[in-house]
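Chain identifiers are assigned alphabetically (A, B, ...) following the order of the sequence lines, protein sequences preceding nucleic acid strands; residue numbering begins at 1 within each chain. In what follows, every heavy atom counts, from backbone to side chain, and hydrogens, waters and symmetry copies are set aside. Just so it is clear, the structure is predicted and the values come from calculations on it, not from any experiment.
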Amino acid sequence: MVTGLPGGQRRVQPDELPALVRAVEAAGPTPPRWVWADTNRFYPGLLRSGVRVERAHDLRLCHRILRHSTLTANSALATAAPGGPWDTMPAVSLTDEPARVPDTLFGPPEPKVAEAGPDPVEALRHQHDAVAASPGQGRLGLLLAAESAGALAAAEMHHAGLPWRADVHDAVLTEVLGPRPRHGERPERLEELVQRIRAALDAPASLNPDSHPDLLKAMNLAGVGAKTLRKWELERLSHPVIEPLLEYKSLSRLLTANGWNWLDSWVRDGRFRTEYVVGGVVTGRWATNGGGALQLPKNVRAAVVADPGWTFVVADAAQLEPRVLAAMAGDEAMAAAGRGDDGEGIDMYAGIVATGAVDTRERAKIGMLGAMYGGTTGVSGQVRPQLAAAFPRAMALVDDAARAGERGEVVTTHLGRSSPLPGETWQELQAGAYSADDGAGDAAARARSYTRSWGRFTRNFVVQGTAAEWALCWLASLRRRLWQLGMADGGDGVEGAVPAPFTERAHLVSFVHDEVVVHTPISLADAVADEVRAAAAEAGRLLFGDFPVAFPLSVATATCYTDAE
DNA sequence: ATTAAAAGCCAC
DNA sequence: AAACGTGGCTTTTAAT
């Protein structure tokens, strides 16, 4: 059922939906906002039919935010008994089996009764009520719009896919590992390294370097003196086995995580498609399902090559989190340190050095990261009082968030996404800390440790979560701008031709926390770069209004991802 | 036999 | 330098 149409409501068959949506999108000067239970349930099919929508409201994603936000704590939505349909509705996954087309051998399929599901109109009303009554000058409304736009962008990026040259990927692997081995065998380079490791340890040919206990035992016998196999620890030891072992670990990682098997599994028809999970991280950052798309190692990014006649515009936000912290804390001094004289933005860590608060860029960086992560030792600990003196408001914000977490309270981002409550472990440990009888060591110490750990989580939550909100607004703005760019240019230049979504226009192909990649016709690359910057400025205004904080980007254009970094 | 946890490295 | 935030993913090992 589609309601709210110009001509009232209509019941449509699934195959009628694309034409209907296309018509309504094209009808008026103001595009509609489609409200649906889950973007992934409707949008992939529309995209396959060549239909792109401008705006949407994802009821499931928005419900999840409103259910837990401190800004809507008194709403009917948030005070309802838990376990309602919108609380328990599972996300639709793009990898779910598509509804199988029934066999037609025995005549047309039985008409299916659409599953009832909860009433979306009623849900929308509840969500509107909750947002309308929330404090914060429309911040929650902005968050819901950005979250929903993100869901559209995520589906579109999956639809378009990240251009991926399997032949280039294979060449990279062959270069460092040797030719692809037969099933069950090690590549040449790895086999050589295994031999060298065994020889250096005087170990039998049965030693499997992938078995950590066995390897550690053999290393102990050879007197290497390693307690763990962590890279940074091994690097500090001197023994003939260290060099081949580190090399083995590095190559082995490449093979298992992004080797030929990965290529076979994830690259089809020149595209890598992952499933972006909008809001998949507690802080609001995205997660992905499949292919490890958020952790593609630098050396395999060489396989990300633009189509002929196309190129990439790669942009990332410089020092996003400290800038977000400065803005949300209203810390003028800290914002000024990242702004520079022209107001366009300078390297923030260099700017902090320029204020005289800290003596080197490296120490400024470690100190800021430590303040946001809760580091207390080493350089973090040394620089901290200096930063606290120079930027008291920013440091107070993260310290307050940490203390709230330690008290077991919830913290909330700038736009209104709230942290979860600590789990049962927290409660139990607090109770246990006061019980005299505890057989398993120092209960009070464990409670303290867990409490501090939760404080580090809430400390980081407010910054990482607000940075994710900025990035979401950036992405949403850029998505809209890229579409407009396509309208202006006409895509392939054919008069009157409407470019198909994402095959003839500049389009997003990757988003990783604070970095975007746009795949664009070469002729539009400069315009895309302008829009990427304009979108960043717009995101800053949307979140922080007139507060004078800069969000400079590093932007590069290249036909290969590797060359843009 | 299946599942969960641990260890480790990759990304931001 | 050290072990301070969020994750995904793979392999081995332990547990059920």
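Looking at heavy atoms from C-beta onward, A:Asn208 lies out of side-chain contact with A:Val194 at the 4.5 angstrom threshold.
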side-chain contact (heavy atoms from CB on, under 4.5 Å) between A:Tyr349 and A:Met368, intermediate numbers included: CA-CA 8 Å; A:Tyr349 302 130; A:Met368 276 311 310; 3.9 Å; yes
Full working for ring-ring contact (aromatic ring centres under 6.0 Å, His included) between A:Tyr276 and A:His158: CA-CA 7 Å; A:Tyr276 288 99; A:His158 179 86; 8.5 Å; no
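Taking only distance into account, the side chain of A:Arg230 never meets the base of B:dC9 through a donor-acceptor pair shorter than 3.5 Å.
One atom, CD of A:Glu515, and another, P of C:dT6, lie 22 Å apart when rounded to the nearest Å. The OH-P distance, from A:Tyr276 to B:dA11, rounds to 16 Å in whole Å. Atoms CE (A:Met372) and C1' (C:dT6) sit 13 Å apart, rounded to a whole Å. The distance between atom OH of A:Tyr373 and atom C1' of C:dT6, rounded to the nearest whole Å, is 8 Å.
If you check every strand for non-hydrogen atoms under 4.0 Å, A:Arg301 touches sugar and phosphate atoms only. A:Ile366 comes within 4.0 angstrom of no nucleic acid atom, judged by non-hydrogen atoms across all strands. Using a 4.0 Å heavy-atom criterion, one finds that A:Leu229 contacts the sugar-phosphate atoms exclusively.
For B:dC9, one of the phosphate oxygens OP1 or OP2 lies less than 4.0 angstrom from a side-chain nitrogen or oxygen of A:Lys249.
If you check C:dT6, B:dG8, C:dC4 against the side chain of A:Ser380, the one that comes closest is C:dC4. For A:Arg236, whose side chain is taken as the heavy atoms from C-beta onward, the closest listed nucleotide among C:dA2, B:dC12, C:dC4 is C:dA2. Of the candidate nucleotides B:dC9, B:dC12, C:dG5, C:dG5 has the atom lying nearest to any side-chain atom of A:Asn460.
Ion pairing of A:Arg417 with A:Glu147 is present here, as a side-chain N (NZ or NE/NH1/NH2) and a carboxylate O approach within less than 4.0 Å. Electrostatic pairing of A:Glu185 and A:Arg182 counts as a salt bridge here, judged by a charged N lying under 4.0 Å from a carboxylate O. One finds no salt bridge joining A:Arg285 and A:Asp514 here, because no Lys/Arg side-chain nitrogen approaches an Asp/Glu carboxylate oxygen to under 4.0 Å.
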Nucleic acid footprint by protein, nucleotides 7-16 of chain C - heavy-atom cut-off 4.0 Å, B for base, S for sugar-phosphate alone: BBSSSSS---
